[in-house]
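Worksheet: the structure to be examined is printed underneath.
Every value quoted in this text rests on a predicted model; they were computed, and no experiment measured them.
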Amino acid sequence: FCAECGERILRDIQSARYHKWYCKGCLETALREERFYERILSALNAVIAHPELLDEVEPKDTYESDFEITRKSSELNHMLNNTHVDFEQTFEDILNLAALKYEHCELDITEELTATIKQDFLEREILDDISTELLDRTVSHLTLDKSGKVAVHFINGAVVRVEGEK
């Protein structure tokens with residue numbers, strides 16, 4: 001994907017001299033194919049040499065509120081501030097609100113994913129060529145920016161960036 005506009009990057013094989021990867025959306029992002037592959041390989045080898053790079057994951061918010069939860073929370077707070085509280089109804093509303101909030105929680109499996117893909121990299125020697133099998137199992141997507149920086153985004157949320165000249 002293009003790091004500038006979010007569009008997919010495409011492979012251009014029109015030139016007889018060299019192939020490149022480019023963004024059709026903003027036309028600012030492009031990199032010769034051999035450099036693109038070198039940077040991906042460099043990122044993978046960096047993780048093989050330093051698997052702790054996979055531990056650098058942004059914390060993930062596993063709860064997302066919505067209008068219905070906000071409304072029910074407000075109604076519940078209003079009921080609790082009344083002098084005449086129907087305890088059975090309030091108790092039921094509290095449980096219903098807790099269930100609704102639970103439904104909006106996402107299971108965070110980042111630690112498990114990290115351990116699994118780390119094991120994949122720990123068992124490998126430095127690569128001479130890109131392993132598509134390794135990419136398929138451990139990488140969610142790649143981004144390329146207009147300066148030629150390639151970022152490898154792993155399935156656990158870790159990102160390894162490789163810079164270089166265009």
Side-chain angles (χ1 to χ4, degrees), residues 1-10 21-31 36 39-40 42-124 131-163:
F1 291 99
C2 175
E4 308 303 324
C5 72
E7 288 288 323
R8 289 186 86 102
I9 56 172
L10 304 171
W21 287 85
Y22 73 99
C23 174
K24 186 171 80 173
C26 67
L27 300 174
E28 292 187 32
T29 302
L31 188 63
F36 184 61
R39 291 181 189 152
I40 295 168
S42 178
L44 294 176
N45 282 332
V47 174
I48 290 170
H50 304 283
E52 65 275 7
L53 290 170
L54 295 171
D55 293 327
E56 297 175 20
V57 180
E58 291 291 319
K60 188 175 179 184
D61 188 6
T62 59
Y63 172 73
E64 190 172 316
S65 186
D66 69 1
F67 176 74
E68 185 180 5
I69 292 173
T70 304
R71 183 180 59 78
K72 289 192 182 266
S73 293
S74 183
E75 287 174 4
L76 187 58
N77 285 333
H78 182 69
M79 279 196 306
L80 291 171
N81 288 329
N82 274 336
T83 53
H84 302 291
V85 176
D86 179 352
F87 289 104
E88 285 184 28
Q89 181 61 47
T90 303
F91 181 70
E92 186 178 325
D93 289 345
I94 289 171
L95 292 179
N96 288 336
L97 179 61
L100 187 61
K101 286 183 174 184
Y102 181 78
E103 288 173 10
H104 283 78
C105 289
E106 184 180 308
L107 183 60
D108 184 6
I109 58 168
T110 303
E111 287 182 30
E112 291 81 2
L113 282 174
T114 301
T116 301
I117 63 177
K118 236 185 192 181
Q119 194 59 42
D120 244 345
F121 283 92
L122 286 169
E123 296 170 353
R124 294 189 182 267
S131 165
T132 54
E133 164 260 333
L134 182 63
L135 278 177
D136 288 343
R137 270 205 330 268
T138 62
V139 174
S140 67
H141 65 282
L142 306 166
T143 55
L144 172 64
D145 73 11
K146 64 183 175 187
S147 70
K149 183 189 305 179
V150 173
V152 178
H153 299 256
F154 292 89
I155 59 173
N156 69 333
V159 180
V160 175
R161 292 174 175 79
V162 180
E163 298 182 37

Shortest non-hydrogen separation from Ala3 to Thr143 and the atoms involved
CB-CB, 4.2 Å
First locate atom SG of Cys5, then atom CG of Asp145, and finally report the distance between them rounded to the nearest 0.5 Å.
11.5 Å
With the side chain counted from C-beta on, respond yes when Lys72 and Asp93 share a heavy-atom pair under 4.5 Å apart, and no when they do not.
no
Would you say CZ of Arg8 has more than 12 non-hydrogen atoms from neighbouring residues, nucleotides or ligands within 6.0 angstrom?
no
Can you tell if the side chain of Arg39 reaches within under 4.5 Å of the side chain of Leu144, non-hydrogen atoms only?
no
Heavy-atom side-chain proximity of Leu97 to Ile69 below 4.5 angstrom:
yes
Gap between atom CG of Leu142 and atom CH2 of Trp21 - 0.5 Å precision
8.5 Å
Can you find a heavy atom in the side chain of Leu80 that is under 4.5 Å from one in the side chain of Leu76?
yes
Are side-chain heavy atoms of Leu44 and Leu135 found at a separation under 4.5 Å?
yes
Over all heavy atoms of both residues, which pair between Phe1 and Gly6 is shortest? Give the atoms and the distance, please.
CD2-O, 3.5 Å
Closest heavy-atom pair and its distance - Ala158, Leu54:
CB-O, 3.7 Å
Just checking Glu112: does its CD atom have more than 12 heavy atoms from other residues, nucleotides or ligands closer to it than 6.0 angstrom?
yes
Which pair of non-hydrogen atoms, one from Gly148 and one from Leu31, has the smallest distance, and what is that distance?
O-CD2, 3.9 Å
His153 and His141 aromatic ring geometry - parallel, tilted or perpendicular at 30°/60° bounds:
parallel
Say you draw a straight line from CG of Asp136 to CD1 of Ile155; how long is it, rounded to the nearest 0.5 Å?
11.0 Å
Go through the steps for Lys146 and Cys26 under the test side chain to side chain contact (heavy atoms under 4.5 Å, CB included), then give the verdict.
CA-CA 10 Å; Lys146 64 183 175 187; Cys26 67; over 6 Å; no
Run the side chain to side chain contact (heavy atoms under 4.5 Å, CB included) test on Lys118 and Asn156 for me, step by step, so that the C-alpha distance in whole Å, both residues' side-chain angles and the decisive distance to 0.1 Å come before the verdict.
CA-CA 10 Å; Lys118 236 185 192 181; Asn156 69 333; over 6 Å; no
If you count heavy atoms of other groups shown closer than 6.0 angstrom to CD of Glu88, is the number above 12?
no
Of all the heavy-atom pairs spanning Leu134 and Phe121, show the shortest one and how long it is.
CD2-CE2, 3.6 Å
Do Met79 and Val85 have side chains that approach each other closer than 4.5 Å (heavy atoms only, starting at C-beta)?
no
What I'd like to find out is whether the side chain of Thr114 reaches to under 4.5 Å of the side chain of Glu111, using heavy atoms alone.
no
Is there a side-chain contact between Thr138 and Val47, using heavy atoms and a 4.5 Å cut-off?
no
Gap separating the CD atom of Glu92 from the CD atom of Gln89, nearest 0.5 angstrom
5.0 Å
Closest heavy-atom pair, Glu7 versus Cys23, reported as atoms and distance to 0.1 Å, is CB-SG, 3.8 Å
To the closest 0.5 Å, what do you measure between CD1 (Ile9) and OH (Tyr22)?
11.0 Å
Any donor and acceptor pair, going by atom type alone, linking the side chain of Ser74 with main-chain N or O of Thr70 inside 3.5 Å?
no
Any sub-3.5 Å donor-acceptor pair from Glu4's side-chain atoms to Glu28's backbone N or O?
no
Just how far is it from atom CD1 of Ile117 to atom CG of Asp120, taken to the nearest 0.5 Å?
8.0 Å
